Amino acid sequence: MAQVSRFCPPRKSCHDWIGPPDKHSNLQPVHFYIPENESSLEQKLRELRQETQERNQQFWANQNLTFLKEKEEFIDSRLKAKGLELRAESGQKATLNAEEMADFYKEFLSKNFRKHMYCNRDWYKRNLAITFFMGKVALERIWKKLRLKQKKTSN
Amino acid sequence: MAASPHALSSRVLTGWVRGCVWYLERRALQESPRRFLHLLRNVNQQWVTFQHFNFLRHMYVTRLNRSFNQQIKPKPEPVPSPFLEKASLDEAKTEIYKMRPLSPPSLSLSRKPNEKESLELEPTPVIEGSIAVGTETKEEKQWKEMKLRVDDLPGILARLSKIKLTALVVSTTSAGFALAPAPFDWPCFLLTFVGTGLASCAANSINQFFEVPFDSNMNRTKSRPLVRGQISPLLAVSFAACCAVPGVALLTWGVNPLTGALGLFNIFLYTCCYTPLKRISIANTWVGAVVGAIPPLMGWTAATGSLDAGAFLLGGILYSWQFPHFNALSWGLREDYSRGGYCMMSVTHPDLCRRVALRHCLALVAMSAAAPALDVTTWTFPVIALPINLYISYLGFRFYRDADRKSSRKLFFCSLWHLPLFLLLMLTCKRPAAQGDAGGPQS
């Protein structure tokens, strides 16, 4: 489930690039730009974002695939219990309506509650850390630019 | 048939391009002669199609290079080649950041493949699958540069701040202001309007900031700006701060401290209580209902400077309205909530969900009767509001009994027109100010 992107941005670009939603996790992967003179703070930020992206990707891809799998199993077991065929005469897969699926939705949600709690805490911490570092990096860049301007005007 | 495309292209194009186009034509004709002919007919009709052949040239030079060098060179600008499938053309159309009108004489043939300028889209039908566009190229074309363009910023910020929801919130505040027993003061009203609007924008932006991976996984929310990387989290938070600080300041010092405090409290309640609570407990719905009830309270306190019974009645009306509105909406989203990990009554306690919706429909009837008793409106109001109140209660009952998608949708759509009509009727039946009423707008 680890996403290996074959995307390679054009050499002239000095920004990050964002891709289409992943088919399992629905998250849009980001290809991070590494500048030539990347500072240690910028590197830390990039690595944090990369790691967060990978963790989120893994979690949600797994979550969605598990959901689909368990949904199928639930439908199959319910249909069998009803004594119905899994496929109608037309060859289409038989499904249950929303009211019948309600039991599955409730069960799935409560089963995954603790996982979500952990994921939420982790995500909030990381999101705040990333934003905080982005702020620091922005200030660092502004400071560098000002110093460069000072040097130029003094020269 | 085979002769005319060749003749046509050699007339239109330079010799340099001819080789690439020849290659293109051979492949196209193998796969879809009719469509290619159609495209070339369009070449004659429109100058702008000259662009297509330029891109054609670039595309095929790139592709030939790739096949020699085994290198992937995706196009940076989100412009379709004529040989993309129509589906991705539509997709690219919606995702174009910046468009520039074409001026064919100014175009140079020596344009490099990787230039970032956008070009006008050609609305003619394109060849579908005529050239075997590899899936990797199609996927590559969906990659967007995360560069914020100033032109897009207003639209992005509007979506980030949920501008339509903000408009609804501000209108409930205005209703509270108008219904308050105080002379209508325009400057105060405008300050309240703007202050509440800014506070709502800030709260909505922070909400989206917190929910990025969850929003990606729900159909309703997957096109939000942070999800799609159109704006960075830092910018979103900065925008929220730039709305919250002036908004609350405006309310506190331009209107009165009570209104400012309510505004600040509401931002906190929405972002730090409701948003995380959505994934922890079904209590989030009740907290969310309080969040919806506070704006009319703010309108009232802005006009009168105090929280009295009438204010709480208005707040209570908005509070009760949230339940039939939201519970009915959530009935159709159960799958997304379950998969996404949202704790909603409709998933965990479906009976409670419908019972609460019905209960609050009936509460609305009771509160419209309380309105004249509390001197907010005249006794005409509960009488003329009775038909719509009975109707929503009937739909609430049907939802409670039938518990299906049809009844939930009917209740939801009814709630959308019920509230504005209800507030309008209240306004028309507002109790006229008594003689010597000294209700001052500001403290």
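If you're wondering where the values come from, they're calculated on a predicted model, not measured in any experiment. Letters go in sequence order (proteins before strands), and every chain restarts at 1.
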For [X] against [Y], the heavy-atom pair lying closest together:
{"X": "B:P233", "Y": "A:T131", "answer": "CB-OG1, 3.8 Å"}
{"X": "B:S338", "Y": "A:L109", "answer": "O-CD1, 3.8 Å"}
{"X": "B:R339", "Y": "A:N64", "answer": "NH1-OD1, 3.1 Å"}
{"X": "A:L27", "Y": "B:N217", "answer": "CD2-ND2, 4.4 Å"}
{"X": "A:H116", "Y": "B:G340", "answer": "CE1-O, 3.6 Å"}
{"X": "B:C343", "Y": "A:F113", "answer": "SG-CE1, 3.7 Å"}

With sequence neighbours excluded, residues passing side-chain contact (heavy atoms from CB on, under 4.5 Å) with A:E42: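 Here the qualifying residues are A:P35, A:E38, A:S39, A:V137, A:E140, A:R141.
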Distance check, rounded to the nearest 0.5 Å: [X] atom [atom1] versus [Y] atom [atom2]?
{"X": "A:N127", "Y": "B:L226", "atom1": "CG", "atom2": "CG", "value": "8.5 Å"}
{"X": "B:Q142", "Y": "A:Q28", "atom1": "CD", "atom2": "CD", "value": "9.5 Å"}
{"X": "B:L234", "Y": "A:I130", "atom1": "CG", "atom2": "CD1", "value": "12.0 Å"}
{"X": "B:D336", "Y": "A:F67", "atom1": "CG", "atom2": "CZ", "value": "8.0 Å"}
{"X": "B:F214", "Y": "A:W123", "atom1": "CZ", "atom2": "CH2", "value": "7.5 Å"}
{"X": "A:N26", "Y": "B:D215", "atom1": "CG", "atom2": "CG", "value": "12.0 Å"}

| query | What residues of residues 100-107 of chain A sit under 4.5 Å from chain B when you count only heavy atoms? | reply |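 Within residues 100-107 of chain A, the residues that come under 4.5 Å of chain B (heavy atoms only) are A:A102, A:Y105, A:K106.
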Engaged part of [X] at the chain B interface, taking heavy atoms whose separation is under 4.5 Å:
{"X": "A:N112", "value": "neither"}
{"X": "A:S25", "value": "backbone"}
{"X": "A:K71", "value": "side chain"}
{"X": "A:Y33", "value": "neither"}

_At under 4.5 Å between heavy atoms, what parts of residues 236-243 of chain B are in contact with chain A? List them by residue number._
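Within residues 236-243 of chain B, near chain A: B:V237.
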- If you check every heavy atom in residues 345-353 of chain B against those of chain A, which residues fall under 4.5 Å?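 Against chain A, the residues of residues 345-353 of chain B that fall inside the cut-off (heavy atoms, under 4.5 Å) are B:V347, B:T348.
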- request: State whether the number of non-hydrogen atoms from other residues, nucleotides or ligands found under 6.0 Å of A:F132 atom CZ is greater than 12.
  value: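 Not more than 12 within 6.0 Å, no.
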Exercise for the section: Report the residue from B:K147, B:E145, B:K144 that forms a side chain to side chain donor-acceptor pair (under 3.5 Å) with A:H15. Expected result: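 The option that passes is B:E145.
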I want to check something: taking the side chain as every heavy atom from C-beta on, are B:M146 and A:W17 in contact at a cut-off of under 4.5 Å?
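The answer is no; the side chains never approach within 4.5 Å.
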Highest number of heavy-atom pairs under 4.5 Å with chain A: which of B:F209, B:Y337, B:W331?
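That would be B:F209.
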**Report entry** Which portion of B:T275 sits near chain A, non-hydrogen atoms under 4.5 angstrom
**Finding:**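 When you check distances to chain A, atoms from both the backbone and side chain of B:T275 fall under 4.5 Å.
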